[in-house]
2 protein chains.
Amino acid sequence: MPSQELIRSLTDEHVLRALMQHRRLTRAELATEIGISKPTAGESVRRLAERGLVTDTGERTPGGRGRGRVGSYYALAPDVGVALAVVIAPEGVVAERLDIYGNTVAHAVRPIDRPTRPSQAAEALQAAAGEVLAACGQPVRLAVVSAADPVDRATGRLVQLPDSPFLVGDLDPVAILAPHVAGTVVVDNDVNWAARAESGTGDDFCYLFLGEGLGCAIVSDGEVRRGHTGLVGEIAHLLTAGPGGRAIPFIEVFTELSLRRPDSTAINVERLLTSDAGTRAAVGEAVGGVVAAVIALADPQEIVVGGAWGPALVDDIRAQTARMPRSVPVRAADLTGEPVLSGVRAEALSRLRSVITANS
Amino acid sequence: MPSQELIRSLTDEHVLRALMQHRRLTRAELATEIGISKPTAGESVRRLAERGLVTDTGERTPGGRGRGRVGSYYALAPDVGVALAVVIAPEGVVAERLDIYGNTVAHAVRPIDRPTRPSQAAEALQAAAGEVLAACGQPVRLAVVSAADPVDRATGRLVQLPDSPFLVGDLDPVAILAPHVAGTVVVDNDVNWAARAESGTGDDFCYLFLGEGLGCAIVSDGEVRRGHTGLVGEIAHLLTAGPGGRAIPFIEVFTELSLRRPDSTAINVERLLTSDAGTRAAVGEAVGGVVAAVIALADPQEIVVGGAWGPALVDDIRAQTARMPRSVPVRAADLTGEPVLSGVRAEALSRLRSVITANS
DNA sequence: CATTCTAGTCAGGGCTGTTGCCTAGATAGG
DNA sequence: CCTATCTAGGCAACAGCCCTGACTAGAATG
């Protein structure tokens, strides 16, 4: 008997998923949509309404549909819950409140000074989250956070790695957001979220991020891989070919080419973009070494290059990779829209829906 | 009603799994083992017996158990099917027939000459498989094959990569074995299978294979990652630090150190193992570059070093990795037993069990 | 030989879902 | 304005799966 209720919860889950997709349906529509009988649909709606997950919207089928009896439209209860999506970048913090349909129902931005004043990121995060969740009236079921720094997988804290620009500053998003959220706080770095947004492309690809910082995301078998500590893709110390063909860590290439900001560990993007052909070729060769490592260890179907300067040098990179024994297509990322925010939103929505359908 | 039968098939699957684990059980034992009622257990056994998957062994509970009525022992039918496990290495082909309990019920070996005469590997494979499957009397439900060469994920064929020793020779195991097998033929390289055998260690680790050929396996989130074409871990062309600190492909390091066999692309293991400290340090540095790439792109919890010469140089490798910004424990593989065959057996058994429980 | 104990079966019932039929309630058309 | 028509929803009957509790079968113990 204990497994008997499994099938009922499956029915309820189907009903909820259908309502998430179609917003409002009559019981008859639910039955045909899901492929169950009308009495079963009616029973499920009754149960879900009793639990407060589904309500009669009061709307009735418009007469235009035909002649028959009017049906009652049911929809998810207006207080099923929302998700918080947050992007923490050096330019500022963006927070959004997402409803169960994936709509952004609130949006807040807080700028951050550069270089970051200690604790300013925390304040900005606090403020943006507070603004977005003010007078929400619904449970905040989870938060998904992007940070422009490496993230410890176990704790969700930002970690400072040697020689990497620490863009956002020391921060513990979980601790800050936990009081606002009645559920999980998921934190990962921006590159991984951007890769998730691009993930429709294929099941095995690599997103190479080349901007002020260096990073990459590896999508393998359809999932963004994070590794044991969450530091997959922190490629600053990967050995590659530097000027003169010497093997040096990737980030050192930029030091030797005088392409790093003197006051920080970040790469000077402006200077890189205006540099001469020889410098660009040297950078291309260094990136080529990174690509060789990615091909050897991740075997992607495609390599997507993004970041502030990556797409501009995609030809130089391609010139290197074309000569390699195992060649993989390299293309610039579509810079349309905000890939990081898209990835965060997608994750937040899918998790929110799972949470709501799960506790059956 | 269509989903009603789902729960019944779940029950049947539980019964089958219990019989796979315990070999023989009475209906009452099944009930308590699985946590279902006696009538349900009886019904399930009746259904499975009708389908020919389960039989009354004729054995009865020995009187020693107590006073009560004797019970009938049921077990999986003797013809539920077997799996074929094959390891194709330069030394020869090993084929095994595995029953549903994971026992090796037949074993055959066919040597291969070195260097491999074309088509000899195919003949050896054919012969070993034929011997093991002769007079089997049961359906061969699948085959799992290891080959000591890179394997194309889509086709299962061995692929010759530039500069890698082609140990086994051109071979299409799927084509050869398909006539013997009434199901899937799974092919992967030996390093990946060895890693699968070691996979109890942790969910994220890397198995670095350093022998005549160079390879590695990446286990991420508990699964061996194969990549788009199945060539994850083919590290011969990964850029690393060669003698004099120049960035060259990993395999070229051995060329420059005169550690490759003149007549082939393989590494001269004997000479490497008897080389001076300077050479070993140079090799250690080169491996250190590979480890840096693995850490950057896979972020393993641990790096396991195996292969003919890897474990002997583990101290030299550790000396390099200890200096890296992100350090990961490096240890030599436990060379006890046959890790490749263990991994192949494990995969074959788990797939065989899935196949038998699945078609409910 | 009676007692005791356990495997297996049977009857009854609960829960889930389905089919088929009916009612409610609205439109469309003469 | 009234009737035919058409659809949403409800009701009753039924089937499948499982469970509980009681019962039978069959052996060892003392």
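Within every chain, numbering begins at 1; the chains are lettered A, B, ... in the order of the sequence lines, protein sequences first and strands thereafter. Heavy atoms only: backbone and side chains are in, while hydrogens, waters and symmetry mates are out.
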Arg60(A) side chain near dG25(C) phosphate (N/O to OP1/OP2, under 4.0 Å): no

Nearest-Å distance for atom pair CD1/C1', residues Ile36(B) and dT20(D): 14 Å

Pairwise 5' ranking along DNA chain D for Arg47(B) and Pro39(A), keeping only the more 5' one: Pro39(A)

Gap between atoms CD and C1', on Glu5(A) and dG17(C) respectively (whole Å): 16 Å

Integer-rounded Å distance: dG17(C) P and Glu43(A) CD: 9 Å

Interatomic distance where NE2 belongs to His14(A) and P belongs to dG17(C) [whole Å]: 11 Å

Nearest-angstrom distance from the residue atom CZ of Arg46(A) to C1' of dC11(D): 15 Å

Distance test, side-chain N/O of Thr11(A) to OP1/OP2 of dG17(C), below 4.0 Å: yes

Distance (rounded to the nearest 0.5 Å) between Leu25(B) CG and Thr57(B) OG1: 10.5 Å

Ion pair check, Glu43(A) and Arg46(A), cut-off under 4.0 Å: yes

Asp203(B)/Arg153(A) salt bridge by N-O under 4.0 Å criterion: no

Salt bridge (charged side-chain N to carboxylate O under 4.0 Å, His left out) partners for Arg141(A), two or more places apart: none

Distance (rounded to the nearest 0.5 Å) between Asp221(B) CG and Glu223(A) CD: 8.0 Å

Sugar-phosphate, base or nothing in reach of Gly42(A), heavy atoms under 4.0 Å: nothing

Nearest-0.5 Å distance that lies between atom NZ in Lys38(B) and atom OG1 in Thr32(B): 10.0 Å

With 3.5 Å as the limit, what N/O pairs link the protein to nucleotides 21-24 of chain C?
none

Candidates dG17(C), dT20(D), dT18(C) - which lies nearest the side chain of Ile7(A): dG17(C)

Phosphate-side-chain proximity, Ser37(A) and dT18(C), N/O vs OP1/OP2 below 4.0 Å: yes

Interatomic distance, Leu25(A) CG vs dA8(D) P [rounded to whole Å]: 12 Å

Nearest-nucleotide comparison on DNA chain C, the residue closer to the 5′ end among Thr40(A) and Ala28(B): Ala28(B)

Given dA27(D), dT18(C), dT9(C), the nucleotide with the shortest approach to the side chain of Val70(B): dA27(D)

Straight-line distance of Leu352(B) CG to Thr357(B) OG1, nearest 0.5 Å: 9.5 Å

Leu53(A) side chain near Leu76(A) side chain, heavy-atom distance below 4.5 Å: no

Nearest-Å distance for atom pair CG/P, residues Leu30(B) and dT6(C): 18 Å

Bend angle of the helix from dC1(C)-dG30(D) to dG30(C)-dC1(D), end axes from five pairs each (to 10°): 20°

Arg27(B) side chain near dG8(C) phosphate (N/O to OP1/OP2, under 4.0 Å): yes

Derivation and outcome, side chain to side chain contact (heavy atoms under 4.5 Å, CB included), residues Arg196(A) and Ser350(A): CA-CA 12 Å; Arg196(A) 190 202 195 284; Ser350(A) 99; 3.8 Å; yes

Nearest heavy-atom neighbours spanning Arg27(A) and Gly42(A): CD-CA, 3.7 Å

Length of the line joining Gln4(B):CD and dT16(C):C1', which is rounded to integer Å: 5 Å

